[in-house]
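Just so you know, these numbers come straight off a predicted model, no measurement behind them. Protein chains get the first letters and strands the later ones, always in sequence-line order, with residue 1 at the start of each.
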Amino acid sequence: MSTVFPQWEVFVRARRGLDHQHAGSVHAPDGETALRAARDLFTRRQEGVSLWVVPSNEIVASDPADVGALFEPAADKAYRFPTSYELPPEVDHM
Amino acid sequence: MTADLLTHVLRQGDRALVLSHRLAQWITHAPTLEEDVALANISLDLLGQARHLFTYAGEIEGKGHDEDHFAYWRDAAEFRNPLLVEQPNGDFAVTIARQVFHDQAALLYWESMTESTDATLAALAARARNETAFHLQHSAGWLIRLGDGTDESQRRAQAGVDAMWPFTLELLGADDEGALRADGLIGGSIETAWRAAVAGTLLEAGLRTPTEAHQRAGGIHGTHSEHLEPLLEEMQQLARAHPGASW
């Protein structure tokens, strides 16, 4: 069988109350099959209580070439960090 | 009663072990890497069920035999698995058809066994039921996709269903377990529920339910097809070449 199935990104929630975290990807013809494959590959050792699969081609990603325009302007904006506030001792270790 | 229970437990253990080995034969041959892992996982679940059943068989028998004895030191005529599970893998559609028929029967069996008056079997059933429910999602999901897929996948899926159908009646219960049933050790017949569920899956897959003709049976009484001996030879070779070896 030479058919290459579409790729799906897999997100696993480890416990109730935690966020889903990206775990990896699988190839599958549809979402249900992708979920079953993800269960076998990523939750065999009790790693999760919930799974999401998302078609990889539905993810809109930032372009690595744009890294300067997107992220570097944040580097010299010290006023965005709340480091100049004096904290009362009660919250000293925030 | 003890002899009846031992036979019953060996039938179930042999069913799980032989099918486990058949699925293990797919490893590195499955259509995709994901499917390789899926079939291996199902194979390992079945192997785990077989180990529990053989350990229990040893307790019932009372001759000090462990799980390895039942797996490795019996010959084909002593195996009590239904003929279906020893049938060769064929193409992927044959394997999936075999698996759907098996998984549906196994799910109904384990569901009924959670009510067994035998505490060991009832406890195993609670775990095996969950495992088997996932196996059935996998196999039925594939059969529906193959049947409802391309012309070729539908042709192959129907061929797989037709090829495996003659071995299904034997899955639906033995004719010599009335005493166990009367004592509540095993549940009632699963035949009606199995037929309804499988007909539903085949309908959803757009496949034809075969007619009843030419049913083959005998495995649960020790009369096997020509396919079991080569399977056991492969499976038992290492244990017999190096008795007592561990690794």
Visitor: Do other residues, nucleotides or ligands put more than 12 heavy atoms under 6.0 Å from the CD atom of A/Glu47?
Guide: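 Check passes, neighbour count above 12.
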Visitor: Within this structure, what is the CG-CG distance for the pair A/Leu41 and B/Leu33, rounded to the nearest 0.5 Å?
Guide: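 One finds 7.0 Å between CG of A/Leu41 and CG of B/Leu33.
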Visitor: Does atom CD of A/Gln7 have more than 12 heavy-atom neighbours, drawn from other residues, nucleotides or ligands, at distances under 6.0 Å?
Guide: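 Count over threshold, so yes.
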Visitor: Considering residues, nucleotides and ligands other than B/Asp151, do more than 12 of their heavy atoms fall under 6.0 Å from its CG?
Guide: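 Open.
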Visitor: Around atom CD of B/Gln236, are there more than 12 heavy atoms from other residues, nucleotides or ligands closer than 6.0 Å?
Guide: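 Yes, CD of B/Gln236 has more than 12 neighbouring heavy atoms, counting only those of other groups under 6.0 Å.
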Visitor: How far apart are the closest heavy atoms of A/Arg36 and B/His138, and which atoms are they?
Guide: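 Looking at all heavy atoms of both residues, the closest pair is NE-CA, 3.6 Å.
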Visitor: For A/Asp40, run the side chain to side chain contact (heavy atoms under 4.5 Å, CB included) check against B/Leu39, B/Asn41, B/Ile42 and tell me which one passes.
Guide: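 One option only clears the test, and that one is B/Asn41.
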Visitor: Please classify the contact between B/Leu44 and chain A as side chain, backbone, both or neither, with a heavy-atom cut-off of under 4.5 Å.
Guide: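 Looking at B/Leu44, just its side chain touches chain A.
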Visitor: Should the heavy atoms of other residues, nucleotides or ligands under 6.0 Å from OH of B/Tyr72 be counted, would the total exceed 12?
Guide: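 Result for OH/B/Tyr72: open.
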Visitor: Show the nearest heavy-atom pair for residues A/His27 and B/Glu34, with the distance to one decimal.
Guide: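 For A/His27 and B/Glu34, the tightest heavy-atom pair comes out as N-OE2, 2.6 Å.
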Visitor: What part of B/Gln137 lies closer than 4.5 angstrom to a heavy atom of chain A: side chain, backbone, both or neither?
Guide: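 Answer is both: backbone and side chain atoms of B/Gln137 are under 4.5 Å from chain A.
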